[in-house]
Each structure stands twice: as structure tokens, then as C-alpha cells.
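Computed over heavy atoms, backbone and side chain alike; hydrogens, waters and symmetry mates excluded. Letters A, B, ... mirror the listed sequences (proteins, then strands); counts begin at 1.
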2 protein chains.
Amino acid sequence: MKHDLNDYCYLFFSTFSNPTRLGIVEQLREGPKNVTQLSEVLNQEQSMISHNLKPLIRCHFVLVEKKWREHVYSLNEETMRPLFKIIDSHVEKYCPMKGKCKR
Amino acid sequence: MKHDLNDYCYLFFSTFSNPTRLGIVEQLREGPKNVTQLSEVLNQEQSMISHNLKPLIRCHFVLVEKKWREHVYSLNEETMRPLFKIIDSHVEKYCPMKGKCKR
DNA sequence: ATATAATATGAAATATTCTTCATATGAGAA
DNA sequence: TTCTCATATGAAGAATATTTCATATTATAT
């Protein structure tokens, strides 16, 4: 059924459509981290990080590994790498102001 | 400055993070259309279509061509095609329930 | 100049999504 | 068991985004 497309795309895009979650992704690009570390480096409450990790994990953009009593989060590079590549080249070509364009 | 990444990615993703706009994109995948046609096929008010076309155009995901007194909108295939390819393969691999996964 | 068709815009009302705070859970150490 | 560290969760208030409705604009035809 064609309408599915709309549903799963919405979930896909809306998951990234949040500054905190993009901050998490940006941090995880530099390597795996646990909640406490993300919380420190992003200077946000721990509960906020947890809340925002959830949708990223649900969509498998972020993977979890349980180590001792901590949870280590990392990026699903297989999806994220080509995704960011597309964004970068789109922005490169069409958005000289890089997101600061007039509303 | 590194924070740019976050900014332009947010604009990129949030532009798609809306069912009406995804509906427009879905329709335009089948070929160029004007506002009135989109409005009819999506069964939405004309002003709603116009409002939602705006962010798609601003980000150059949708291109406009002015013909007589109508405006013809079409997809920027260069960006959209690879983008949907990534989403499709991600969903194929990780989301057997295609967007209907538990919240 | 006026009428009409196609599209765009502003602003208020509505809906959706986020953040915060308090608290719960879970796993290991003492 | 009890304590502590690490993380998760629920729910209310706050912030954002979307939809609607009335109206404006723009281009063309008469």
C-alpha cells in the first residue's frame, strides 16, 4: 500500500528533526559514548538525553551495547554515513548560507 | 564552525518532517504539478499546499517553473532520488514494520 | 479598466512536540 | 540487604509548528 511511504518517511525525518538529537548524533560521530558523557559534553540534563536517545534507538540510527552497568551508544554508520553525505552535497550545491537562509 | 552542521541538518530534516509536505513530495514523484492539482489530489486547501510548498522550495527540494499564469512544481531529483534510496534500504533492513513500530 | 484564475500571505486558533522535575528501575559493590 | 551509580520514565507545563480563514497579489483575458 502506497501510504506506508509517508508513514515511515515521517518517522525517519522527524527523528532527526530536533536540535538535541542532532547534537547527540554529532557527538556520536566522534565515537561511542554513554548517557552521562553525552549529558556532560552537550551540557544537558541526563533525563533529556535519555528521552532523546529513545527515538534514535527505536529507528536504529543509534545502537546500544550494555557494558557493566553502563549503556554505550554508537552510530549506525551504515545508514548515517551515506545520509550525511547526501546532505552535505545538497547543502554544498544549493545552500551557500548553510541553513542560515531567509525564512 | 562546527555548530553549522546542526543548523543546516535541522533545516533539512524538519522540512520533510510533516505529513502534508511528504504527501506533496510523494505526488511530485509521479510528475510535476501545479498548486491546484496538488490541492485536488491531496484533498487539501489550496492555501495549505502553498504554505507547505514554501519550505520545500526554500531548501530546493522542490523546483518551480513559471508557465503562463500557473506555477509548475517538480522534485529536485538529484537530491531526492538518493535520499529515498537510503531511506528505503534502511527501512528494508531495520524496520520490518515500516513505520508502524511501537512508540 | 475590470474580471477572473492561480497562487501567496498574515494572523489567530489549534495541534504537536519538548523540556523539566520528580521519581522509578536495574545492576553491581559493600 | 542496602547503598550507589547509571539510566529510564511519566506527566505537566512550556515552546513550536501547523492549519484555517480571510484577504492580498499577480498575470492574463475581455
Side-chain angles (χ1 to χ4, degrees), chain A residues 6-28 32-74 99 101-103, chain B residues 6-28 32-74 99 101-103:
Chain A
N6 221 299
D7 290 344
Y8 67 76
C9 287
Y10 180 76
L11 197 51
F12 190 101
F13 290 118
S14 63
T15 296
F16 289 113
S17 178
N18 171 295
T20 304
R21 292 197 285 275
L22 287 172
I24 291 174
V25 168
E26 193 175 350
Q27 282 306 317
L28 294 183
K33 292 189 178 47
N34 65 27
V35 175
T36 307
Q37 291 171 312
L38 286 168
S39 171
E40 280 163 6
V41 70
L42 291 171
N43 201 40
Q44 301 270 283
E45 294 224 352
Q46 170 269 313
S47 70
M48 171 144 193
I49 302 297
S50 283
H51 276 307
N52 281 291
L53 273 168
K54 188 146 64 179
L56 289 167
I57 293 162
R58 169 168 44 116
C59 284
H60 301 86
F61 298 138
V62 164
L63 312 171
V64 202
E65 194 198 352
K66 282 162 196 179
K67 261 185 157 184
W68 295 96
R69 68 172 114 177
E70 68 180 350
H71 297 185
V72 179
Y73 300 95
S74 62
C101 61
K102 71 226 167 289
R103 295 258 151 184
Chain B
N6 221 299
D7 290 344
Y8 67 75
C9 288
Y10 180 75
L11 198 52
F12 189 101
F13 290 119
S14 63
T15 297
F16 289 115
S17 178
N18 171 297
T20 304
R21 293 196 286 275
L22 287 173
I24 291 174
V25 168
E26 194 175 349
Q27 283 306 316
L28 294 182
K33 293 189 176 47
N34 66 25
V35 175
T36 308
Q37 292 172 310
L38 286 168
S39 170
E40 280 163 5
V41 69
L42 292 171
N43 200 42
Q44 302 270 282
E45 294 225 351
Q46 169 270 316
S47 72
M48 172 144 191
I49 302 296
S50 282
H51 276 305
N52 280 292
L53 272 169
K54 187 146 64 177
L56 289 168
I57 292 161
R58 168 168 44 115
C59 283
H60 302 86
F61 298 136
V62 163
L63 313 170
V64 202
E65 195 198 352
K66 281 161 196 179
K67 261 186 153 180
W68 297 97
R69 68 170 114 178
E70 68 180 349
H71 297 186
V72 179
Y73 300 95
S74 61
C101 60
K102 70 223 167 290
R103 293 260 152 184

Revision key, fill the gap. Readout for nucleotides 14-24 of chain C: B = base within 4.0 Å of protein heavy atom, S = sugar-phosphate only, - = neither; 5' to 3' it is ---SSSBBB--

Review point. Taking atom CG of A/Leu63 and atom CG of A/Leu28, what is their separation to the nearest 0.5 Å?
Key: 9.5 Å

Practice item. Examine distances only and state if a side-chain atom of A/Ser17 and a backbone atom of A/Phe13 form a donor-acceptor pair shorter than 3.5 Å. Key: no

Review point. Does A/Lys54 make a side-chain N or O approach to OP1 or OP2 of D/dT9 shorter than 4.0 Å?
Key: yes

Point to revise | Interatomic distance, B/Arg21 atom CZ to B/Glu26 atom CD [nearest 0.5 angstrom] | key: 15.0 Å

Review point. Nearest 0.5 Å, what's the CD1-CG distance between A/Ile24 and A/Leu56?
Key: 6.0 Å

With a cut-off of 3.5 Å and sequence neighbours excluded, list every side-chain donor-acceptor pair involving residues 35-48 of chain B.
unit_1, atom_1, unit_2, atom_2, d
B/Gln37, OE1, B/Asn34, N, 2.9
B/Ser39, OG, B/Gln44, O, 2.7
B/Gln46, NE2, B/Ser50, OG, 3.2

Check your understanding: How close or far is atom P of C/dA6 from atom CD of B/Gln37, stated in whole angstroms?
Key -> 10 Å

Practice item. Provide, to the nearest angstrom, the distance between the CG atom belonging to B/Leu53 and the P atom belonging to D/dT18. Key: 14 Å

Exercise for review: Could you tell me the separation between the CG atom of B/Asn6 and the OG1 atom of A/Thr20, rounded to the nearest 0.5 Å?
Suggested key: 8.5 Å

Exercise for review: Give me the ring orientation class for A/Phe61 and A/Phe12: parallel if the planes are under 30° apart, tilted from 30 to 60°, perpendicular past 60°.
Suggested key: perpendicular

Contact list (N/O, under 3.5 angstrom) for nucleotides 1-6 of chain D vs protein:
unit_1, atom_1, unit_2, atom_2, d
D/dT4, O2, A/Arg69, NH1, 3.4
D/dC5, O4', A/Arg69, NH1, 3.1
D/dC5, O2, A/Arg69, NH1, 3.2

Practice item. Take atom CG of B/Leu11 and atom P of D/dA17, then tell me their distance rounded to the nearest Å. Key: 11 Å

Study note, to complete from the structure: Closest heavy-atom pair, A/Thr15 versus A/Pro55, reported as atoms and distance to 0.1 Å, is CG2-O, 3.6 Å

Review point. Please give, in whole Å, the distance from C/dT7 C1' to B/Tyr73 OH?
Key: 7 Å

Revision key, fill the gap. Here the distance between atom C1' of C/dA8 and atom CG of B/Leu56, to the nearest Å, is 15 Å

